[in-house]
Protein chains: 2
Amino acid sequence: MNAELTATENQIKDYRLKLGDKIRIVREQRGYSQEQLAELMNINRSTISKIENGKFSITVDYLVRFSIFLDYEFKVVEK
Amino acid sequence: MNAELTATENQIKDYRLKLGDKIRIVREQRGYSQEQLAELMNINRSTISKIENGKFSITVDYLVRFSIFLDYEFKVVEK
DNA sequence: AATTTATAGCGTTGCCCCCGCTGTTTAATT
DNA sequence: AATTAAACAGCGGGGGCAACGCTATAAATT
């Protein structure tokens, strides 16, 4: 049942979950419910829920939207 | 013909283009052609070309793949 | 109980694959 | 120098499937 994942696939999965957690944490820090943030961002509430729970991989466009409305910064930096 | 863009849409567009540039620059720093990197990442060369030119918004999964194979880090940081 | 969140199903859109063609640059050969 | 070949990148289009919208309902948290 459980397909083996490559190291790369594991890193991708891990990052997806960590990003969802991060978004949830920041949203709560800002005092928004999912519904409030959804309305503010003009996207669907269920989409926010799915993103926070890592149900799919969001596009960078959405990442930027979160960064705008949560006042966060997403950066590409040297290791 | 030219649709007006909201401030948010402009920021999204700008980020997409900047990200494409960044990927191109790092790829070249690493000494890869688009074809070499595509083979390494096991994705399509035209996809890399389109990403570098901001033709569509990639998913975070792909962003993580780039960060792995170009040895870059993608971070969520405070402003 | 009221509010918030998770999840499921279904429809639409667009990401990404794959192939092919073109234009440009650089290298090799004559 | 001129020609040819090869490497590289941009771009277009058809197709498959996952992202995301929408609605409804269940579950969880307070």
Side-chain angles (χ1 to χ4, degrees), chain A residues 1-3 5-6 8-70 74 76, chain B residues 1 3 5-6 8-70 72 74 76:
Chain A
M1 189 69 90
N2 271 328
L5 296 184
T6 65
T8 297
E9 287 168 336
N10 275 319
Q11 289 182 69
I12 289 173
K13 191 176 175 184
D14 286 350
Y15 192 90
R16 186 192 287 195
L17 292 174
K18 273 182 12 184
L19 179 61
D21 284 342
K22 187 72 180 177
I23 287 174
R24 171 183 284 114
I25 289 168
V26 178
R27 173 178 61 79
E28 290 173 347
Q29 282 176 356
R30 303 294 185 257
Y32 297 131
S33 67
Q34 288 181 352
E35 186 155 15
Q36 288 171 330
L37 181 59
E39 189 170 354
L40 189 62
M41 295 177 67
N42 200 30
I43 71 176
N44 201 270
R45 188 187 55 74
S46 75
T47 299
I48 292 184
S49 173
K50 288 169 187 171
I51 289 169
E52 288 185 355
N53 290 284
K55 300 300 183 188
F56 57 83
S57 179
I58 66 174
T59 60
V60 171
D61 283 5
Y62 274 77
L63 208 53
V64 173
R65 266 188 236 184
F66 277 105
S67 77
I68 293 170
F69 289 99
L70 291 178
F74 296 89
V76 179
Chain B
M1 188 68 90
L5 295 184
T6 66
T8 297
E9 287 169 335
N10 275 319
Q11 288 181 70
I12 289 172
K13 191 176 176 184
D14 286 350
Y15 192 90
R16 187 192 284 195
L17 293 174
K18 273 182 13 185
L19 179 61
D21 284 341
K22 186 73 180 176
I23 287 173
R24 171 185 287 115
I25 288 168
V26 178
R27 172 179 62 78
E28 289 174 348
Q29 281 176 356
R30 303 294 184 257
Y32 297 131
S33 68
Q34 288 181 351
E35 187 155 15
Q36 288 171 332
L37 181 59
E39 189 171 354
L40 188 63
M41 295 178 66
N42 199 31
I43 71 175
N44 202 273
R45 183 192 65 80
S46 76
T47 299
I48 293 183
S49 171
K50 288 167 184 170
I51 289 170
E52 288 184 353
N53 289 285
K55 299 301 182 188
F56 55 81
S57 179
I58 65 174
T59 61
V60 171
D61 283 4
Y62 273 78
L63 207 54
V64 173
R65 268 186 235 182
F66 276 106
S67 76
I68 292 170
F69 289 99
L70 291 179
Y72 245 70
F74 191 77
V76 180

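Sequence lines set the chain letters: A, B, ... in the order given, protein chains first and strands last, and positions in each chain run from 1. Everything numeric in this text was worked out from a predicted model, so none of it was measured.
If you measure from atom CD1 of A:I58 to atom C1' of C:dC15, you get 14 Å, rounded to the nearest angstrom. Distance A:D61 CG to C:dC16 P: 10 Å, rounded to the nearest Å. C:dC15 atom C1' lies 14 Å from atom CG of B:L63, rounded to whole Å. In this structure, CD1 of A:I43 is placed 18 Å from P of C:dT13, rounded to the nearest angstrom.
The side chain to side chain contact (heavy atoms under 4.5 Å, CB included) search around B:Q11 returns A:I68, not counting sequence neighbours. Qualifying side chain to side chain donor-acceptor pair (under 3.5 Å) partners for B:D14, counting only residues two or more places apart in sequence or in other chains: none. Taking the side chain to side chain donor-acceptor pair (under 3.5 Å) definition, one finds that A:R65 meets it with nothing, sequence neighbours left out. For B:T47, there are no side chain to side chain donor-acceptor pair (under 3.5 Å) partners at least two apart in sequence or on another chain. By the side chain to side chain donor-acceptor pair (under 3.5 Å) test, A:D21 is found to be paired with no residue, residues two or more places apart in sequence or in another chain being considered. Checked against side chain to side chain contact (heavy atoms under 4.5 Å, CB included), A:S49 has the following partners two or more places apart in sequence or in another chain: A:Q34, A:N53.
The shortest distance between side-chain heavy atoms of B:Y15 and A:L63 does not fall below 4.5 Å. Two residues are said to be in side-chain contact when any heavy atoms from C-beta on lie closer than 4.5 Å; B:Y32 and B:L70 meet this criterion. Between A:V60 and B:Y62 there is no side-chain heavy-atom pair separated by less than 4.5 Å.
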Dot-bracket for DNA chain C, please. Rules: Watson-Crick or G-U, both distances under 3.5 Å, ( ) within the strand, [ ] when a pair crosses earlier ones, | for another strand, . otherwise. ||||||||||||||||||||||||||||||
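Among residues at least two apart or in separate chains, salt bridge (charged side-chain N to carboxylate O under 4.0 Å, His left out) pairs with a member in residues 49-59 of chain B are B:R24-B:E52, B:R27-B:E52.
At distances below 3.5 Å, not a single donor-acceptor pair connects side-chain atoms of B:R45 with backbone N or O atoms of B:A38.
Applying the 4.0 Å criterion to OP1 and OP2 of C:dT4, one finds that A:R24 has every side-chain N and O outside that range. Listed pair A:Y62 / C:dC15 fails the phosphate criterion, with no side-chain N or O lying under 4.0 Å from OP1 or OP2.
Residue contacts shown for B:S46 include a base, since a base heavy atom lies under 4.0 Å away.
If you walk DNA chain D from 5' to 3' and mark each nucleotide with an atom closer than 4.0 Å to a heavy atom of chain A, the marks span D:dA19 to D:dA24.
Separating the OG atom in B:S57 from the CD1 atom in B:I12 is a distance of 8.0 Å, to the nearest 0.5 Å.
Enclosure of atom CD in A:E28 by more than 12 non-hydrogen atoms of other residues, nucleotides or ligands within 6.0 angstrom is indicated.
For the residue pair B:T59 and B:D61, no side-chain donor N or O sits within less than 3.5 Å of a side-chain acceptor on the partner.
When all heavy atoms are compared, the tightest approach of B:G54 to B:L17 is CA-CD2, 4.2 Å. Between A:F66 and A:I48, the shortest heavy-atom contact is CZ-CG1, 4.3 Å.
Within residues 47-55 of chain B, the residues having any heavy atom under 4.0 Å from DNA chain C are, by residue number, B:T47, B:K50. For the segment residues 32-41 of chain B, residues with any heavy atom less than 4.0 angstrom from an atom of DNA chain D are, sorted by number, B:S33, B:Q34.
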Output a table of nitrogen or oxygen pairs between the protein and nucleotides 21-27 of chain C separated by less than 3.5 Å.
none

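The nearest heavy atom of DNA chain D to B:T59 and to B:R27 marks one nucleotide each, and the one closer to the 5' end goes with B:R27.
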